[in-house]
Number of protein chains: 2
Amino acid sequence: MSTPRRRTRQREAVAALLQERTDFRTAQQIHADLREAGAGVGLTTVYRTLAVMAEAGEVDMLLGEDGEARYRACSAGHHHHLVCRSCGFTVEVTAAPVERWARRMAEQHGFTDVAHTVEVVGLCPACSRRGALPTGPA
Amino acid sequence: MSTPRRRTRQREAVAALLQERTDFRTAQQIHADLREAGAGVGLTTVYRTLAVMAEAGEVDMLLGEDGEARYRACSAGHHHHLVCRSCGFTVEVTAAPVERWARRMAEQHGFTDVAHTVEVVGLCPACSRRGALPTGPA
DNA sequence: CCACTAACGACAACCATTTTCAATAAGTGA
DNA sequence: TCACTTATTGAAAATGGTTGTCGTTAGTGG
């Protein structure tokens with residue numbers, strides 16, 4: 001059923017860029033990064049490639065507070081993120097207590113086929129130190 | 001500093017509608033609901049009113065999996081949601097274990113000014129029973 | 001009742017994301 | 001290596017939620 005995936009220059013480029021980045025980036029940013037790096041990839045292709053990779057579980061996708069999708073290559077397996085709202089610095093964390101809580105909550109209310117999202121945003125050590133602001137005034 | 005809030009027909013209408021609803025709805029849906037109910041309110045106004053109410057903590061706003069903002073009048077105080085992905089039925093839940101976990105995680109990694117979002121989506125008892133699908137076919 | 005200005009709302013502008021569709025180029029078997 | 005199939009690309013146009021513009025309307029305090 002699933003279409004065979006072809007190995008192309010564009011997909012390699014996106015994957016490679018994602019490898020060296022440790023923060024969550026939007027499709028638009030990735031598109032700009034690639035252009036800047038010389039390896040131009042169409043915006044449409046960036047979107048499609050990210051969708052395919054997300055589908056395959058090769059990247060994690062999360063929606064920012066502004067509704068924009070952000071992507072990042074992550075380790076396999078279920079985990080959550082601690083994200084700096086100023087610089088995008090990300091730490092992967094596991095959350096056993098949360099998993100248990102979610103499962104129990106679902107059972108308690110008769111919900112089935114549950115999934116959960118947990119994101120913790122704040123200021124990373126570096127940004128806290130320099131008194132960074134979410135969307136700094138002037 | 002904050003502008004004095006005026007009591008208008010439109011804001012009353014939005015607030016009233018939100019009171020009788022127990023599910024999360026998009027601004028567009030609310031706009032349609034109001035029109036249908038006879039009390040027409042401009043789409044722009046719906047957006048602004050919801051923004052004001054969210055700011056004031058009178059409604060909870062969360063972004064759906066598609067990036068669309070959804071609103072719902074909730075009880076005051078910090079809490080999370082258990083949402084049915086098929087019918088929108090919502091249950092408010094508190095999550096002490098999660099709060100503790102988030103706080104500890106933040107400390108451990110030196111993050112400050114942290115906030116967290118926790119959403120659990122699944123199928124409510126009624127929808128599980130009838131074998132509902134996320135985005136039902138036909 | 002008046003003045004002041006918050007609030008309204010039709011419409012245009014924004015902008016991330018998706019669709020369209022003709023041109024390309026992986027992968028494959030001969 | 002050479003056709004051949006079809007996944008992939010990408011420029012441009014379409015979509016659609018949300019926000020900005022700006023002249024008009026209408027709360028509210030005096």
Side-chain angles (χ1 to χ4, degrees), chain A residues 1-18 23-56 58-72 88 134-135 137, chain B residues 1-18 23-56 58-72 88 135:
Chain A
M1 280 292 93
S2 62
T3 332
R5 289 178 61 181
R6 284 181 189 173
R7 160 173 291 269
T8 68
R9 173 181 68 77
Q10 292 86 338
R11 294 192 175 178
E12 297 282 284
V14 173
L17 177 64
L18 247 19
D23 54 344
F24 274 92
R25 302 187 77 73
T26 66
Q28 309 265 358
Q29 288 178 315
I30 292 170
H31 174 241
D33 289 345
L34 290 172
R35 168 170 301 179
E36 198 172 326
V41 177
L43 180 56
T44 308
T45 301
V46 172
Y47 274 106
R48 271 188 304 227
T49 299
L50 289 171
V52 169
M53 293 179 79
E55 183 71 25
E58 288 161 31
V59 296
D60 279 9
M61 186 261 264
L62 65 82
L63 286 76
E65 326 188 37
D66 53 0
E68 249 184 287
R70 286 157 206 283
Y71 302 82
R72 178 174 187 280
T135 308
Chain B
M1 284 295 96
S2 62
T3 329
R5 291 177 61 180
R6 285 182 188 171
R7 161 173 293 269
T8 68
R9 173 181 68 77
Q10 291 86 340
R11 294 194 175 180
E12 298 282 285
V14 173
L17 177 65
L18 247 18
D23 55 342
F24 274 92
R25 298 187 80 71
T26 67
Q28 310 264 357
Q29 287 178 315
I30 292 171
H31 175 242
D33 290 345
L34 290 171
R35 168 170 303 180
E36 197 171 327
V41 177
L43 180 56
T44 309
T45 301
V46 172
Y47 273 106
R48 269 187 306 230
T49 299
L50 290 171
V52 169
M53 294 179 79
E55 184 71 25
E58 289 160 30
V59 297
D60 279 9
M61 184 262 265
L62 65 81
L63 286 76
E65 327 190 35
D66 53 0
E68 250 183 287
R70 286 156 205 284
Y71 302 82
R72 178 175 187 279
T135 307

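Proteins come first, then strands; the chains are lettered A, B, ... in the order of their sequence lines, and each starts at number 1.
- One can place CD1 of Ile30(B) at 14 Å from C1' of dT18(D), the figure rounded to the nearest angstrom.
- Considering only side-chain N and O atoms, Thr45(B) lies nowhere under 4.0 angstrom from the phosphate OP1 or OP2 of dA7(C).
- Side-chain proximity of Ala27(B) to dT9(D), dT18(D), dA16(C): nearest is dT18(D).
- Looking only at side-chain heavy atoms (C-beta outward), Arg72(B) and Asp23(B) stay at 4.5 Å or farther from each other.
- In this structure, of dG10(D), dA7(C), dG9(C), it is dG10(D) that holds the atom nearest to the side chain of Gln10(A).
- Straight-line distance from the CD atom of Glu12(B) to the P atom of dC8(C): 11 Å, rounded to whole Å.
- Counting non-hydrogen atoms of other residues, nucleotides and ligands closer than 6.0 Å to CD of Glu55(A) gives a total of 12 or fewer.
- Remark: C1' of dT15(D) and CD of Gln28(B) are 12 Å apart, rounded to the nearest angstrom.
- At the phosphate of dG9(C), OP1 or OP2 sits under 4.0 Å from a side-chain N or O atom of Arg9(B).
- Taking only distance into account, the side chain of Arg6(B) meets the base of dT5(C) through a donor-acceptor pair shorter than 3.5 Å.
- Of the two residues near DNA chain C, Thr26(A) and Gly42(B), the one whose nearest nucleotide lies more 5' is Gly42(B).
- Crowding of Glu65(B) atom CD: a count of heavy atoms from other residues, nucleotides or ligands under 6.0 Å not exceeding 12.
- Here the C1' atom of nucleotide dT15(D) and the CG atom of Asp66(B) are 14 Å apart, to the nearest Å.
- Atom-to-atom, CD of Glu68(B) to C1' of dG16(D) comes out at 9 Å; the value is rounded to the nearest Å.
- Nearest nucleotide to the side chain of Thr8(A), out of dT8(D), dT17(C), dT18(D): dT8(D).
- Rounding to whole angstrom units, OH of residue Tyr71(A) and C1' of dA16(C) are separated by 10 Å.
- Rounded to an integer number of Å, the gap from Leu63(A) CG to dG17(D) P is 15 Å.
- Of the side-chain N and O atoms in Tyr47(B), none sit less than 4.0 angstrom from OP1 or OP2 of dT19(D).
- If you check every strand for non-hydrogen atoms under 4.0 Å, Arg48(A) touches a base.
- Distance Glu65(B) CD to dG17(D) C1': 17 Å, rounded to the nearest Å.
- Within the nucleic acid shown, Arg11(B) comes within 4.0 Å of sugar-phosphate atoms alone, with no base atom in reach, counting heavy atoms only.
- When all heavy atoms of Arg9(B) and Val41(B) are compared, the pair lying nearest together is NH1-CG2, 4.5 Å.
- Across every non-hydrogen atom of Leu63(A) and Gly64(B), the tightest pair is CD2-O, 3.7 Å.
- The nucleotide whose nearest atom lies closest to any side-chain atom of Thr44(B) is, among dA10(C), dC8(C), dA26(D), dA10(C).
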